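Here's the structure we're looking at; comments come further down.
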Amino acid sequence: MMNLSKSSNPVLKESTFSRGYTAQSDVMTVNGTVNKTALMLLLVIAGAVFTWNKFFDAVASNPEAGLAAVGPWLAIGGIGGFITVLVTVFRPQSSGISAPIYAVFEGLFLGGISAIFEMQYSGIVMRAVMLTLAVFMVMLFLYRSGIIKVTQKFMLGVVAATAGIALVYFVSFIAGMFGAEMSFLYGNSNLSIGISLVVVAVAALNLVLDFSFIERASESGAPKYMEWYGAFGLMVTLIWLYLEILRLLSKLASRN
């Protein structure tokens, strides 16, 4: 029997799904989680369209005004998203409210970031979106067909890789505060592109763990409100995957 606590997504843990659970007939289902994931995706898109339009409306009158127009919204989306993540993680019972709010905040952030990349490299956002959806569908197929089996070793490997990436990003952030540059992460060298490919692959493998976790949590009879929490966890991975693909494409485009 697989241990549900072994998910590399920090918001999807067995203890969270079982927290405060009492026997009830209204339980979590995979279909319910899928529906709520779709709703969260629509909210992300709505928020992204808002900041995207803000950026390009400003650019239309002044090419230098785009960042100033979306800067406050980027801050609101980033900070608001971080706060709602904490609220959702520590109080999953409120995920029916906090998860949709998180989706809106992340949409505001993603729309602004995407517009900035689009201004630099025309067409990059559509390619990133299509690649993200393609990776999602491929990983779902590989999981449902049994081609990728979520074994204990597989989970431990993905968990270790994800933790390693998080550590490198954290060290990079701290180093940046002291003026140190880590060009191997953010440049467009072969090494930097190779690292981005690895990170994208790890993010994609996290989707498989999320699929498995949500399915097994549903089978275990988790409470109904955890459909929102499961959708929230899956959305966290999808957003990470999209941002990493966007970064990878920007590195490739900058070499042309």
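Only heavy atoms go into these numbers, but all of them, side chains included; no hydrogens, no water, no symmetry mates. As the structure is a computational prediction, the values presented were derived from the model and not from experiment.
- With side-chain heavy atoms closer than 4.5 Å counting as contact, directly or through intermediates, the hydrophobic cluster containing Ile76 also holds Phe50, Trp73, Ile97, Ile101, Phe105, Leu108.
- Hydrophobic clustering of Ile, Leu, Val, Met, Phe, Trp and Tyr side chains at less than 4.5 Å, counting indirect connections, keeps Tyr102 apart from Ile83.
- Using modelled atom types, one finds a donor on one side chain and an acceptor on the other under 3.5 Å when comparing Glu215 with Tyr143.
- Among Leu243, Leu241, Leu248, the single residue meeting the side chain to side chain contact (heavy atoms under 4.5 Å, CB included) criterion with Ile245 is Leu241.
- Inter-residue side-chain proximity for Ser94 and Val87 is flagged as met; some heavy-atom pair is nearer than 4.5 Å.
- In terms of modelled atom types and a separation under 3.5 Å, the side chain of Thr162 and the main chain of Val158 share a donor-acceptor contact.
- Glu219 has its side chain out of reach of Ile214: every pair of non-hydrogen atoms, C-beta onward, lies at least 4.5 Å apart.
- For Leu42, the CG atom counts as densely surrounded, since its 6.0 Å shell holds more than 12 non-hydrogen atoms of other residues, nucleotides or ligands.
- Grouping the Ile, Leu, Val, Met, Phe, Trp and Tyr side chains by contacts below 4.5 angstrom, directly or via other members, places Val202 with Leu191.
- Ring centroids of Phe232 and Trp228 are separated by 6.0 Å or more, keeping the two rings apart.
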task = Apply side-chain contact (heavy atoms from CB on, under 4.5 Å) to the pair Leu41 and Lys36, showing each step before the final yes or no.
result = CA-CA 9 Å; Leu41 184 58; Lys36 290 172 175 59; over 6 Å; no

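- Side chain of Ser95 to main chain of Ser98: no donor-acceptor pair is present (N/O by atom type, distance under 3.5 Å, no hydrogens or angles).
- Side chains of Tyr229 and Thr33: no donor on one and acceptor on the other come within 3.5 Å.
- Leu252 and Phe117 fall within the same hydrophobic cluster, where Ile, Leu, Val, Met, Phe, Trp and Tyr residues are linked whenever their side-chain heavy atoms come under 4.5 Å apart, directly or through other members.
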request  = Start with the C-alpha gap between Phe56 and Val70, add the side-chain angles, then the distance that decides, and say whether side-chain contact (heavy atoms from CB on, under 4.5 Å) holds.
outcome  = CA-CA 10 Å; Phe56 283 105; Val70 299; over 6 Å; no

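- Counting only residues at least two apart or on different chains, the salt bridge (Lys or Arg N to Asp or Glu O under 4.0 Å) pairs with a member in residues 231-250 are Glu244-Arg247.
- In the model, Thr29 has a side-chain atom that pairs as donor or acceptor with a side-chain atom of Glu227 under 3.5 Å.
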query = Would Asn206 and Thr237 count as a side-chain hydrogen bond (donor to acceptor under 3.5 Å, both in side chains) if you check the C-alpha gap in whole Å, the side-chain angles of each, and the deciding distance to 0.1 Å?
reply = CA-CA 7 Å; Asn206 269 272; Thr237 304; 5.4 Å; no

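- The pair Arg127-Glu118 does not count as a salt bridge, with every side-chain nitrogen at least 4.0 angstrom from each carboxylate oxygen.
- Between Phe55 and Thr51, the closest side-chain pair of non-hydrogen atoms is not below 4.5 Å.
- Environment of OH in Tyr169: crowded, with over 12 heavy atoms of neighbouring residues, nucleotides or ligands closer than 6.0 Å.
- For the pair Ser212 (side chain) and Leu209 (backbone), a donor-acceptor distance under 3.5 Å is absent.
- Follow the hydrophobic side-chain contacts under 4.5 Å out from Val208 and you reach Ile147 in the same cluster.
- Within the 4.5 Å cutoff, the side chain of Leu238 has heavy atoms near those of the Phe136 side chain.
- Side-chain atoms of Ser192 never come within 3.5 Å of backbone atoms of Ser189 as a donor-acceptor pair (strictly under, hydrogens ignored).
- The side chain to side chain contact (heavy atoms under 4.5 Å, CB included) test with Leu234 singles out one residue from Leu207, Ile239, Val34, and that residue is Leu207.
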task = Take Ser196 and Lys251, measure what side-chain contact (heavy atoms from CB on, under 4.5 Å) needs, and give me the verdict at the end.
result = CA-CA 9 Å; Ser196 284; Lys251 292 178 181 181; 2.6 Å; yes

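- With 3.5 Å as the limit, one finds a donor-acceptor pair spanning the side chains of Ser114 and Tyr242.
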message = Determine whether Met28 and Lys224 satisfy the following criterion, side-chain contact (heavy atoms from CB on, under 4.5 Å), listing intermediate values before the conclusion.
response = CA-CA 4 Å; Met28 175 184 181; Lys224 188 71 173 178; 5.8 Å; no

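- Paired with Ile195 under the rule side chain to side chain contact (heavy atoms under 4.5 Å, CB included), one option of Leu197, Val198, Ile193, Val199 passes, and it is Val199.
- The shortest distance between side-chain heavy atoms of Leu205 and Phe154 falls below 4.5 Å.
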